Amino acid sequence: MPELPEVESIRRTLEPRLLGARVSGASLRRPDVLSAPPGEPRTNRGRQLLVGGQITLLRRHGKQLALLTHDRRACIVQLGMSGVLRWSPEAPACDPSHHVHCVWTLGPGRGHLWFADPRRFGGLTSLRDSSLPSHWAALGPDALSISGTDLRRALGRSRRPVKAALLDQHALAGVGNIYADEALFLARFSPRTPCCSLAADAWDTLACAVRTVLAQAVAAGGSTLRDYRDGEGNAGRYQARHSVYGRAGLPCPTCGSSLSSGLLAQRTTVWCPACQR
DNA sequence: CTGGTCTCCTGATCGC
DNA sequence: TGCGATCAGGAGACCA
């Protein structure tokens, strides 16, 4: 499940493949994965998929990745649960069971970029690059550089459990279920703690934990639990360093207590009942 | 407005 | 072996 570290790893591995390449064609095998903002006609999908443009920049905010072209078009890729964005020399086979929804042909001789997403929680969004800032302003600040002040400002008066709040992309962008649990473990906060009961310095601790966990995960190429691969098909290595996620019932790496598991904000949540208060 | 719950979707896994 | 039930989860819709 791609969260910020996985999307950043995809961005970094795709960058050398895509920068300077010209989009010579796009095959949208499943049209309903592409959406355009209100007001934009659903015609001219080629234009919306950057055909004819030269890719000049790959930008990430939270879990979203934007491909930008020289003529100021943008296409945002959202991977959702099961999304894959991958480069390969040849176009992928046209087998419906692979759930490849869009294939871009890159020239000259720059191979192919493709988007697959079995569960279709992800999708593509076409934008003018001038509307990218406002599009991303609707999300919170990027979690890789989140400050305690930003977190406290967004969430400090909320009564929600802090775990639920960390998953809110309007407060901070990029944290999903895995890294929320890992950050709360590092900060030693119980996931059920109401936001409004955290003191100012606790928000600094939490923001620092979020940045630390995400930066370490980026450095390890993200977490591969089942399907995740970066833009060149490599698995991540951070799953071996998870302290709590997926480790319910196993010993806490700090104190050895059995890790607890429960449902919080509709998400499986794992924590150490001894270390996290 | 806030916060909780439902819904989308498919594949893996489990119990019988 | 096979089949149905269950679970996983990002994010927006929806409702109290």
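Here the structure is a predicted model, which is why all the values come from computation and not from measurement. Every chain is numbered from 1 and lettered A, B, ... according to where its sequence line falls, protein lines coming before strand lines.
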(message) Measuring only between side-chain heavy atoms, which start at C-beta, is A:Leu151 closer than 4.5 Å to A:Leu172?
(response)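 They are in contact (side-chain heavy atoms under 4.5 Å apart), so the answer is yes.
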(message) Walk along nucleotides 8-15 of chain B from 5' to 3' and tag each nucleotide B, S or - by protein heavy-atom contact under 4.0 Å, base first, then sugar-phosphate.
(response) BBBSS---
Measure the distance from [atom1] on [X] to [atom2] on [N] and round it to the nearest whole Å.
{"X": "A:Met81", "N": "B:dT7", "atom1": "CE", "atom2": "C1'", "answer": "14 Å"}
{"X": "A:Arg157", "N": "B:dG3", "atom1": "CZ", "atom2": "P", "answer": "11 Å"}
{"X": "A:Asp168", "N": "C:dA13", "atom1": "CG", "atom2": "C1'", "answer": "15 Å"}
{"X": "A:Leu264", "N": "B:dT5", "atom1": "CG", "atom2": "P", "answer": "10 Å"}
{"X": "A:Asp181", "N": "C:dG10", "atom1": "CG", "atom2": "P", "answer": "11 Å"}
{"X": "A:Arg267", "N": "C:dA8", "atom1": "CZ", "atom2": "P", "answer": "10 Å"}
{"X": "A:Leu167", "N": "C:dA8", "atom1": "CG", "atom2": "C1'", "answer": "14 Å"}
{"X": "A:Gln78", "N": "C:dG10", "atom1": "CD", "atom2": "P", "answer": "11 Å"}

(request) Could you name each residue pair satisfying salt bridge (charged side-chain N to carboxylate O under 4.0 Å, His left out) that touches residues 106-124 of chain A, not counting sequence neighbours? (result)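 For residues 106-124 of chain A, and leaving out neighbouring residues, there are no salt bridge (charged side-chain N to carboxylate O under 4.0 Å, His left out) pairs at all.
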So does [X] get a side-chain nitrogen or oxygen closer than 4.0 Å to the phosphate oxygens (OP1/OP2) of [N]?
{"X": "A:Thr268", "N": "C:dC7", "answer": "no"}
{"X": "A:Gln266", "N": "B:dG4", "answer": "no"}
{"X": "A:Tyr245", "N": "C:dA8", "answer": "no"}

(message) Checking A:Asp142 against A:Ser145 for the side chain to side chain donor-acceptor pair (under 3.5 Å) test, could you report, in this order, the C-alpha distance in whole Å, the side-chain angles of both residues, the deciding distance, and whether it holds?
(response) CA-CA 6 Å; A:Asp142 189 76; A:Ser145 55; 4.7 Å; no
(request) Before accepting this row, confirm whether a basic side-chain N of the pair A:Glu232/A:Arg17 lies closer than 4.0 Å to the acidic partner's carboxylate O. (result)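 Salt bridge: yes.
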(message) Quick test of your reading of the model: are A:Glu8 and A:Arg60 salt-bridged, counting only N-O distances below 4.0 Å?
(response)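 Salt bridge between A:Glu8 and A:Arg60, a charged N being under 4.0 Å from a carboxylate O: yes.
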(message) Need one value for A:Ser82: base, sugar-phosphate or nothing, where a base atom within 4.0 Å counts as base even if backbone is also close, heavy atoms only.
(response)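 Here A:Ser82 touches no strand at all.
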(request) Determine the contact category for A:Arg160: base if any of its heavy atoms lies under 4.0 Å from a base atom, sugar-phosphate if only primed atoms, P, OP1 or OP2 are that close, otherwise nothing. (result)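 The residue A:Arg160 makes sugar-phosphate contact but no base contact.
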(message) Which label fits A:His61 and A:Trp136: parallel for a plane angle under 30°, tilted from 30 to 60°, or perpendicular past 60°?
(response)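 Parallel, since the angle between the ring planes stays under 30°.
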(request) Kindly give the heavy-atom pair with the smallest separation between A:Ala164 and A:Ala265, and that separation in Å. (result)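 For A:Ala164 versus A:Ala265, the nearest heavy atoms are CB-CB, 3.6 Å.
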(request) Side chain of A:Asn177 only, please: which of C:dG9, C:dG12, B:dG4 is the nearest? (result)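 For the A:Asn177 side chain, the nearest candidate turns out to be C:dG9.
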